Amino acid sequence: MEPSPATGGSETTRLVSARDRSSAGGGLRLKSLFTEPSEPLPEEPKLEGMAFHHCHKDPMPQSGLSPERVQARRQLYAACAVCFIFMAGEVVGGYLAHSLAIMTDAAHLLADIGSMMASLFSLWLSTRPATRTMTFGWHRSETLGALASVVSLWIVTGILLYLAFLRLLHSDYHIEAGAMLLTASIAVCANLLMAFVLHQTGAPHSHGSTGAEYAPLEEGHGYPMSLGNTSVRAAFVHVLGDLLQSLGVLAASILIYFKPQYKVADPISTFLFSICALGSTAPTLRDVLLVLMEGAPRSVEFEPVRDTLLSVPGVRATHDLHLWALTLTYHVASAHLAIDSTADPEAVLAEASSRLYSRFGFSSCTLQVEQYQPEMAQCLRCQEPSQA
């Protein structure tokens, strides 16, 4: 039986206990236990070693943003405002200077604004509770915002590449080197200012993480990596790439300023920086497609999760193991655990959930515990997926 979807970092789990003998006839029967019975049951003593209350790993989260996310939102607001002002200045300066290279740099700033706005939008949506329609909440809006940012950058860059190609075919254009040099210098200062605003002091450090993803945790509670910190770090890295591009545009403007006969440097630099801009979207596009295709998070592999579940005392086999991500920082897992007839389903559930949270940082886990049957080894639906 497939587990029901989990919502808001909790898990809804159906437990099937071991067969026990009937008190009347001694026959075997199956008894189903639900985490939320329809009728109130007498209070039972808590199991020793239970890592969390009931079926949830944390108490009810407080409404609103944490102080860390509030600080991240302020940083993103400030950087987004600076980026918009200087992008508008670059558009005006590029138009006055007749420079496509300046326009290309402005297009890259447009992509920065789009990514930061997507991060701010996701921070706002993360405060909204899940509904009966959006049972996982609104987390995936961050992914859709990133996709829109990539598409907009491709459209603008395509137009600039077309204009640069026309300039290479026809040399009947003029570059205002003074305006180009001034605009490129301001763009470098703008990127330095944005890098200063987004720079984080004392940011958490982790080994083995890549980009805006989880680093597997070996000990302690597996709380998900802060979305705020992740967004700010990603924006900071993007601004560093923009700074390098702005320095390249500045070098081209200096060359044209002192050697006007080399005005071809403008369309050539447009080609080079457009390729860099499109190339910078490749990791984002890869992550977006992975999330939308329900792929396993790149930082969490199938085999370690399976082996962790199999290492829980009493677990004989696991099947229907699914790993996916709502965003780069919201990972979800579900699985069926086949246990021995002598194993305690509640204890197995508690231990398995605790290990998944602490070692892999899942935001939500849904586990179904059932008694192991020998025919499971030949069941086609219980087999592991292929390596792909």
Side-chain angles (χ1 to χ4, degrees), residues 64-94 101-127 141-143 145-146 148-150 152-153 156 181-206 209-213 224-251 253 273 276-277 280-281 283-284 287 327-329:
L65 295 175
S66 64
E68 187 179 40
R69 290 191 172 190
V70 170
Q71 176 63 22
R73 185 175 61 179
R74 290 173 182 172
Q75 289 178 290
L76 290 172
Y77 271 135
C80 194
V82 172
C83 190
F84 178 80
I85 293 173
F86 282 98
M87 182 201 70
E90 278 199 316
V91 171
V92 174
I102 296 294
M103 290 293 192
T104 304
D105 198 34
H108 212 165
L109 289 179
L110 175 63
D112 289 347
I113 293 176
S115 61
M116 285 187 283
M117 289 297 293
S119 298
L120 288 170
F121 188 60
S122 65
L123 283 172
W124 173 72
L125 280 180
S126 65
T127 63
S141 61
E142 176 186 356
T143 304
S149 176
V150 169
S152 64
L153 177 61
V156 174
L181 180 59
L182 177 62
T183 306
S185 302
I186 294 177
V188 172
C189 296
N191 282 293
L192 288 174
L193 179 59
M194 284 191 293
F196 174 77
V197 171
L198 293 172
H199 179 64
Q200 299 184 83
T201 57
H205 178 68
S206 60
S209 64
T210 57
E213 301 168 344
M225 180 183 293
S226 168
L227 174 61
N229 276 341
T230 300
S231 301
V232 173
R233 278 197 299 270
F236 177 72
V237 172
H238 205 163
V239 166
L240 290 182
D242 292 346
L243 178 60
L244 294 178
Q245 177 173 327
S246 297
L247 290 173
V249 175
L250 179 61
S253 64
F273 299 140
C276 293
S280 66
T281 64
T284 302
D287 292 334
T327 68
L328 291 180
T329 56

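Please read all numbers here as calculations on a predicted model, not as lab measurements. The analysis underlying the following values was restricted to heavy atoms, covering all of them including side chains, and did not include hydrogens, waters or symmetry mates.
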Novice: List the residues meeting side-chain contact (heavy atoms from CB on, under 4.5 Å) with Val188, not counting sequence neighbours, and say none if there are none.
Specialist: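 Checked Val188 against side-chain contact (heavy atoms from CB on, under 4.5 Å); matches are Leu192, Leu243, Ser246, Leu247, Leu250.
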Novice: Locate the shortest heavy-atom distance separating Asp105 from Ala187; write the atom from each residue and the value.
Specialist: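 Looking at all heavy atoms of both residues, the shortest contact is OD2-CB, 3.6 Å.
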Novice: Show me the donor-acceptor pairs, under 3.5 Å and distance only, between side chains in residues 76-91 and residues at least two apart or in other chains.
Specialist:
{"from": "Glu90", "atom 1": "OE1", "to": "Ala106", "atom 2": "N", "distance (Å)": "3.2"}

Novice: Can you measure from CD1 (Ile102) to OG1 (Thr183) and round to the nearest 0.5 angstrom?
Specialist: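 So the CD1 of Ile102 and the OG1 of Thr183 are separated by 5.5 Å.
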Novice: Please identify each residue that fulfils side-chain hydrogen bond (donor to acceptor under 3.5 Å, both in side chains) with Ser253, with sequence neighbours left out.
Specialist: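 side-chain hydrogen bond (donor to acceptor under 3.5 Å, both in side chains) list for Ser253, sorted by chain: empty.
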Novice: Measure the spacing between CG of Leu109 and CG of Asn191 and express it to the nearest 0.5 Å.
Specialist: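 Interatomic distance, Leu109 CG to Asn191 CG, rounded to 0.5 Å: 6.0 Å.
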